[in-house]
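Below is one structure, written out as structure tokens; comments come after it.
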2 protein chains.
Amino acid sequence: MDEPRWLDEREDRAWRGYRRMRRLLDLELARELMQDAGLSEPDYDVLSDLSETPEQRLRLSELADRMLWSRSRLSHHISRMQQRGLVTREECATDGRGSVVALTPAGRQAVEAAAPGHVAAVRRHLIDRLTPAEMSALGTLSQRVIDHLTGRVTGHPEAKD
Amino acid sequence: MDEPRWLDEREDRAWRGYRRMRRLLDLELARELMQDAGLSEPDYDVLSDLSETPEQRLRLSELADRMLWSRSRLSHHISRMQQRGLVTREECATDGRGSVVALTPAGRQAVEAAAPGHVAAVRRHLIDRLTPAEMSALGTLSQRVIDHLTGRVTGHPEAKD
DNA sequence: CCTACGTTGATGACATGTCAACCAAACTGC
DNA sequence: GCAGTTTGGTTGACATGTCATCAACGTAGG
């Protein structure tokens, strides 16, 4: 193992800043969402993903993949949301093993009630704090990191590879 | 409540990208850290914060504030880390209620063993994927969002206020 | 002093997330 | 068809985080 190459000042600033922003943003968005709509962020994400779908329903594994959750986690979470009447489980027509998660009317109503306030909070705490250039930079930088982590691409951003 | 103002394409790209990057980065860094050093990210953060301190020890509440954790969470976590011999609790000399968390030799050894690999992973998955301009943008943008959330500053980045 | 009130940290009950074991249905090749 | 394997999902045990509560202590005002 070579001697470690620590972060220089600029790198450290970006890394620590990113993590602190992350944490504060999470805390605040979760707080407001719970207060205004009675939903946790995971709740909201599930409802939101389902509502963006044409049929308001998704295979459990499909939803888990989109959210980057384990099937186990999603299964537990869906059970809890089912208890609260936000979603239901249906059998899958094409695969006897499968189960389909569907939004209930109450679930749809919950996202629709929550969404405007949540988007406004995201705007207030993040979007409106960014210059257009920063917004673009965040978008492209995120995408590049995602591509790298999902193995679609390697190499330094400058390298055309 | 006015009609909601949804995110436009650029905003949506930044927001979704940020969240996906966040999740993937977390999963990967946590995975490598656990595999290489047997530490969770919270473990590492505690040890790291303690090791950056002159005396290798901090008041529980001080550490909780730095990490943006609740005292309760930290208290529970310290108990678990104490079981594993990574930290100890000491009485506070100046305040009979207080307790001080201190790194044990094993704890110090654990961070020192973990740090090079962890920093390398941060570099590989994030830092090295960013152009210098993106790095700076991430730093300043984070700081601005942090300042806003901690009530130090308000207003749009352009507005000199 | 001493009393009222805020702070510090621990604790237990509970909510949530992870991990591994498991079952049943669906493929696979013969 | 059918044994062996893979896949989709559930489950229970356990790890972790949150919330309300509590006891001990500190601080300020009489």
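Within every chain, numbering begins at 1; the chains are lettered A, B, ... in the order of the sequence lines, protein sequences first and strands thereafter.
Ring planes of A:Trp69 and A:His77: perpendicular class, angle over 60° (limits at 30 and 60°). In this structure, A:His148 and B:His125 have tilted ring planes: the angle between them lies in the 30° to 60° band.
Within the 4.5 Å cutoff, the side chain of A:Leu58 has heavy atoms near those of the A:Leu50 side chain.
Residues B:Asp43 and B:Ser40 bring a donor and an acceptor atom of their side chains to less than 3.5 Å of each other. Under the 3.5 Å distance criterion, with hydrogens and angles disregarded, no donor-acceptor pair is assigned to the side chains of A:Ser142 and B:Arg19.
One can place CZ of B:Arg80 at 13 Å from P of C:dT11, the figure rounded to the nearest angstrom. Distance CZ (B:Arg73) to P (C:dG9): 17 Å, rounded to an integer number of Å. As rounded to whole Å, 17 Å separates atom P of C:dT8 from atom CD1 of B:Ile78. Atom CG in B:Asp65 sits roughly 12 Å away from atom P in C:dT7 (whole-Å rounding). Computed from coordinates, the B:His76 NE2 to C:dT11 C1' distance equals 6 Å when rounded to whole Å. Atom CG of A:Asp95 and atom P of C:dA26 are 6 Å apart (whole Å). Protein atom CE of A:Met67 is 12 Å distant from nucleotide atom P of C:dT18, rounded to whole Å. Between A:Leu60 atom CG and C:dA25 atom P there is a gap of 17 Å when expressed in whole angstrom units.
B:Arg129 approaches A:Arg144 most closely through the heavy-atom pair O-NH1, 2.6 Å.
Under 4.0 Å is where a charged nitrogen must lie from a carboxylate oxygen, and between B:Arg16 and A:Glu52 at least one such pair does. Taking 4.0 Å as the cut-off between side-chain N and carboxylate O, A:Arg97 and A:Asp95 count as a salt-bridged pair.
OP1 and OP2 of C:dA10 both lie 4.0 Å or more from every side-chain N or O belonging to B:Arg97.
Residue order along DNA chain D, read from the 5' end via each residue's closest nucleotide, puts A:Ser72 first among A:Ser72 and B:Ser72. Nearer to the 5' terminus of DNA chain D, by closest-nucleotide assignment, is the contact made by A:Ser75 (compared with the other of A:Ser75 and B:Arg84).
A:Ser61 comes within contact range of the sugar-phosphate backbone alone, with a heavy-atom separation under 4.0 Å but no base atom that close. Residue A:Ser99 is in sugar-phosphate contact alone, with no base atom involved, counting any heavy-atom pair closer than 4.0 Å across all strands shown. Residue-level contact check: B:His77 touches the backbone only, with heavy atoms under 4.0 Å from sugar-phosphate atoms and none from bases.
Within residues 32-54 of chain B, the residues approaching DNA chain D are B:Pro42, by heavy-atom distance under 4.0 Å.
You can see that DNA chain D meets the heavy atoms of chain A within a 4.0 Å-exclusive cut from D:dT7 to D:dG12, reading 5' to 3'.
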Checklist entry - Stepwise, does the side chain to side chain contact (heavy atoms under 4.5 Å, CB included) test hold for A:Asp36 with A:His118? => result CA-CA 9 Å; A:Asp36 300 345; A:His118 185 59; over 6 Å; no
